[in-house]
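For reference, the structure is listed below as structure tokens.
Whatever order the structure lists ligands and atoms in, that order sets their numbers, starting from 1. This chain uses plain numbering: 1 for the first residue, then up along the sequence.
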Amino acid sequence: MKQNLVDYYQLDELLSGEHLLVRDSIRNLASVAFGEGIDKWAQGHEGIPDLMPKLGGMGVLGSFIPQQYGGGGMDQISYGIMMQELEAVDSSIRSAASVQSSLVMFPIYEYGSERQKNDLLPSLAAAELIGAFGLTEPNHGSNPSGMETVLKKYKDGYLLTGAKMWITNASVCDIAVVWAKDEEGQIRGVILRKGMSGFAVEETMNKWSLRASKTGSLYFDEVYVREEDLLPHIKSMRGPLSCLNSARYGISWGVIGAAIDCYNVAVQYSLEREQFGKPIASFQLQQKKLAEMLTEITKAQLLSWRLGVLKNENRATPQQISMAKRNNVQMALQVARESRQVLGAMGIVGEYPIMRHMMNLESVITYEGTHDIHLLITGQDITGMSAF
Ligand code: TGC
Ligand code: FAD
């Protein structure tokens, strides 16, 4: 994997010394740990060996969680930069880090009891525990409020019944933060542990996208959960949706990494490949592709950087996050498609990362809210009217 800097608007000047250090070190660490094997793992639909311990060792799990709970105590821009450097290698790697950080550690930190935080967050940061986040169901994807997974009062606790589908790290998780409706119709977060009676997992195979990531289903057949297994400080859809804000923000940065990786390969290839006695880089049509890619990457960088500043100040709205997630994923997918064309037939082989990024991004444009849903969120913000 080869990844050079793309900094057309001197955005590095807006980053602190710590941000630059984070970027350079995660870039190197991720490249060494995963760069060489990623094509083989993705082609083989294999899990990445020791993925979570390696991510834990890099300090990318819960980088924004305070240090007293084992996190990195870093700011939101550092988190975004980490996601960018991981996704420059493969979206599967960023996925694993964003689920653990934004979808498992974040809700425990934000809505958990002091005991839950002390018990779980340091182990999640160190990857001694692997977490999963269960919101999507077989019948409810874009509309999670319709969820059918239920919590019914039983003795001193509850019985959890239902199923979640398309869950990253389902088959390898030690714990799962699962969202369910209680008898009053309130949305509750439940922390399940592997091995609980009635809790089963199943891996989803045969994916053409995110092939190096583990995806699966979670099944709950009257799983007995104690009161202390519930997140005490949230009883609303605001719980899971606020986790999505954090993950979507990270994705807005992450996909820039994938786009830059594709763009760099396309530039290099166009300079080296000759047709009609000239480098293909000399043809206007190829230059148009490269110029547009660089323009779009630069615009996406500005969006994510500004969003990071707002997020650091606790001022980023969910709607602003939707705009950045939607724009930047679409941008990265477009860059991957155009880059693939620059490489001609060579664009489809595993020696180059482009096709793998492109296929991965087909999932990224769907998960964490589809491209359509994020547009409707913006539409609602403009008009005040819901078109869901
Ligand atoms: P709505 O009635 O609008 O809101 C219900 C309550 O939630 C609040 N809220 C939010 N709070 C924080 N952040 C947000 N983004 C929020 N959006 C809404 C809202 O204020 C209200 O609060 P309260 O206190 O009044 O109860 O909700 P709705 O049911 O109409 O749904 C709105 C909609 C469609 C936008 C939402 O459901 C949605 O975003 N759907 C997309 C589903 C989605 O993104 N699923 C992702 C699953 S996780 C995943 O994909 C992980 S991929 C992992 C990987 O990287 O590998
Ligand atoms: P649907 O909601 O059925 O949508 C199908 C199509 O209809 C889409 O194009 C959508 O945009 C469109 N549509 C839906 N509603 C409207 C509307 N009102 N107006 C216009 N168009 C509409 N979920 C988790 O909870 N945890 C995870 O860890 C997780 N990991 C994932 C990993 C992968 C690899 C994938 C692919 C998905 C993952 N998901 C996860 C699930 C993901 O969040 C959902 O796939 C996503 O929210 C969309 O739901 P759906 O697939 O059911 O599509």
Side-chain angles (χ1 to χ4, degrees), residues 51 83 86-87 90-104 106-107 110-111 130-147 149 163-173 176-181 185-187 189 201 203-218 234-252 254-255 316-323 325-326 329 359-381 384-388:
L51 171 61
M83 298 302 107
L86 296 178
E87 197 148 2
D90 197 88
S91 303
S92 301
I93 301 168
R94 194 271 308 137
S95 254
S98 44
V99 168
Q100 186 95 342
S101 301
S102 287
L103 301 183
V104 178
F106 174 83
E110 200 68 20
Y111 306 121
I130 299 177
F133 174 87
L135 180 63
T136 306
E137 299 188 350
N139 295 327
H140 301 280
S142 297
N143 178 28
S145 300
M147 70 177 69
T149 298
K164 300 287 175 181
M165 194 178 182
W166 298 114
I167 306 305
T168 298
N169 277 348
S171 59
V172 294
C173 72
V177 173
V178 169
W179 299 91
K181 217 172 254 178
Q186 294 175 316
I187 304 300
V201 301
E203 190 168 351
T204 304
M205 295 306 291
N206 216 14
K207 290 179 293 162
W208 281 103
S209 174
L210 286 179
R211 287 172 66 82
S213 173
K214 296 281 179 191
T215 313
S217 298
L218 307 174
I234 189 73
K235 294 183 178 175
S236 136
M237 271 309 285
R238 200 167 49 76
L241 294 175
S242 61
C243 304
L244 301 186
N245 293 337
S246 179
R248 290 166 176 172
Y249 160 74
I251 287 173
S252 85
V255 293
T317 66
Q319 294 80 5
Q320 288 169 332
I321 293 170
S322 280
M323 181 182 281
K325 192 271 183 183
R326 181 175 188 273
V329 180
M359 300 301 271
N360 286 341
L361 290 163
E362 290 291 347
S363 282
V364 183
I365 203 166
T366 288
Y367 68 34
E368 293 286 356
T370 68
H371 195 61
D372 297 329
I373 290 297
H374 288 298
L375 177 127
L376 296 180
I377 289 171
T378 307
Q380 184 179 23
D381 206 29
M385 290 180 249
S386 164
F388 297 114

Residue and atom name of the nearest protein heavy atom (relative to atom 9 (N) of ligand 1), distance in Å to one decimal:
Leu241 CD1, 3.7 Å
Quick one: does ligand 1 sit under 4.0 Å from the side chain of Ile251, the backbone, both or neither, non-hydrogen atoms only?
neither
Is Trp166 touching ligand 1 with its side chain, its backbone, both, or neither, if touching means heavy atoms under 4.0 Å apart?
neither
In the protein, what heavy atom is nearest to atom 38 (C) of ligand 2, and what distance, to one decimal place, separates them?
Trp166 O, 3.0 Å
Using a 4.0 Å cut-off to any heavy atom of Tyr367, which atoms of ligand 2 qualify?
31 (C), 32 (C), 33 (C), 35 (C), 37 (C), 38 (C), 42 (C), 43 (O)
The atoms of ligand 2 lying under 4.0 Å from a heavy atom of Glu368, numbered in the order shown, are 43 (O)
Atom 20 (C) of ligand 2: nearest protein contact (heavy atom, Å):
Leu376 CD1, 4.0 Å
Output yes when a side-chain donor or acceptor of Ser242 lies under 3.5 Å from a complementary backbone atom of Gly239, and no otherwise.
yes
Contacting atoms of ligand 2, where contact means under 4.0 angstrom from a heavy atom of Ser363:
34 (C), 36 (C)
Determine, using heavy atoms of Ala247 and all atoms of ligand 1, whether some pair is separated by less than 4.0 Å.
no
Which ligand 2 atoms, with their elements, are less than 4.0 angstrom from a heavy-atom of Phe388?
18 (N)
Applying a heavy-atom cut-off of 4.0 Å, say which part of Thr168 lies close to ligand 1: side chain, backbone, both or neither.
side chain
Quick one: which of Met237, Lys235, Arg94 has a heavy atom closest to atom 6 (C) of ligand 1?
Met237
Students should be able to answer this: which protein heavy-atom is nearest to atom 46 (C) of ligand 2, and at what distance?
Thr366 O, 3.5 Å
Checking heavy-atom distances from atom 53 (O) of ligand 2 to each of Pro144, Gly369, Ala170, Ser142, the winner is Ser142
Whether Gly141 lies under 4.0 Å from ligand 1, heavy atom
yes
The atoms of ligand 1 lying under 4.0 Å from a heavy atom of Ser98, numbered in the order shown, are 55 (O)
Which of the atoms of ligand 1 are close to Phe133, meaning less than 4.0 Å from one of its heavy atoms?
48 (S)
Hey, which atoms in ligand 1 end up nearer than 4.0 Å to a heavy atom of Thr136?
47 (C)
Give a yes or no on whether Met323 atom CE has more than 12 heavy-atom contacts from other residues, nucleotides or ligands under 6.0 Å away.
no
Is Leu135 in polar range of ligand 2, meaning some N or O pair under 3.5 Å apart?
yes
Identify which of Glu87, Gln380, Arg238 has a heavy atom lying nearest to atom 8 (C) of ligand 1.
Arg238
Where ligand 1 meets Val99 - atom numbers and elements under 4.0 angstrom, heavy-atom basis:
53 (C), 54 (C), 56 (O)
Heavy-atom distances under 4.0 Å decide this one: backbone, side chain, both or neither, for Lys207 against ligand 2?
neither
Leu103: heavy atom below 4.0 Å from ligand 1, yes or no?
yes
Run the numbers for me: atoms of ligand 1, each under 4.0 Å from some heavy atom of Ile377, listed by number.
35 (C)
Any N/O of Asn143 closer than 3.5 Å to an N/O of ligand 2?
no
Numbered in order shown, the ligand 2 atoms found under 4.0 Å of a heavy atom of Asp372 are 9 (O), 10 (C), 11 (O), 12 (C)
Between His140 and Gly146 (side chain of the first, backbone of the second, donor and acceptor by atom type, cut-off under 3.5 Å), is there such a pair?
yes
For Met205, does the CE atom sit with more than 12 other heavy atoms under 6.0 Å from it, leaving out its own atoms?
yes
From atom 48 (C) of ligand 2, is the closest protein heavy-atom distance below 4.0 Å?
yes
Among all protein heavy atoms, pick out the one at the shortest distance from atom 24 (C) of ligand 2; state its residue, atom name and that distance to 0.1 Å.
Thr136 OG1, 3.3 Å
For Asn143, is at least one N or O under 3.5 Å away from an N or O on ligand 1?
no
Return yes if some donor-acceptor pair links the side-chain N/O of Lys164 with the main-chain N/O of Trp179 below 3.5 Å, else return no.
yes
Suppose I only count heavy atoms of Thr370 and a 4.0 Å limit; which atoms of ligand 2 are within that range?
10 (C), 11 (O), 48 (C)
Test item: Ser363 side-chain N/O and Met359 main-chain N/O as donor-acceptor pair under 3.5 Å
no
Shortest protein contact, atom 13 (N) of ligand 1 (heavy atom only)
Asn245 ND2, 2.8 Å
Any idea which part of Leu376 is under 4.0 Å from ligand 1, heavy-atom wise: side chain, backbone, both or neither?
neither
Give the atom numbers and elements of ligand 1 that come within less than 4.0 Å of a heavy atom of Ser242.
12 (C), 13 (N)
Looking only at protein heavy atoms, which one is nearest to atom 16 (C) of ligand 2, and what is the separation?
Ile373 CD1, 4.1 Å
Can you list the ligand 2 atoms lying under 4.0 Å from a non-hydrogen atom of Leu210?
34 (C)
Select the closest option to atom 39 (O) of ligand 1 among Lys325, Gln100, Arg248, Met83, judged by heavy-atom distance.
Arg248
For Pro318, take its heavy atoms, then give the atoms of ligand 1 lying under 4.0 Å from any of them.
13 (N), 14 (C), 15 (N)
Can you list the ligand 1 atoms lying under 4.0 Å from a non-hydrogen atom of Leu244?
43 (C), 44 (O), 45 (N), 46 (C), 48 (S)
When only distance counts, is Thr215 in polar contact with ligand 2, meaning an N/O pair under 3.5 Å?
no
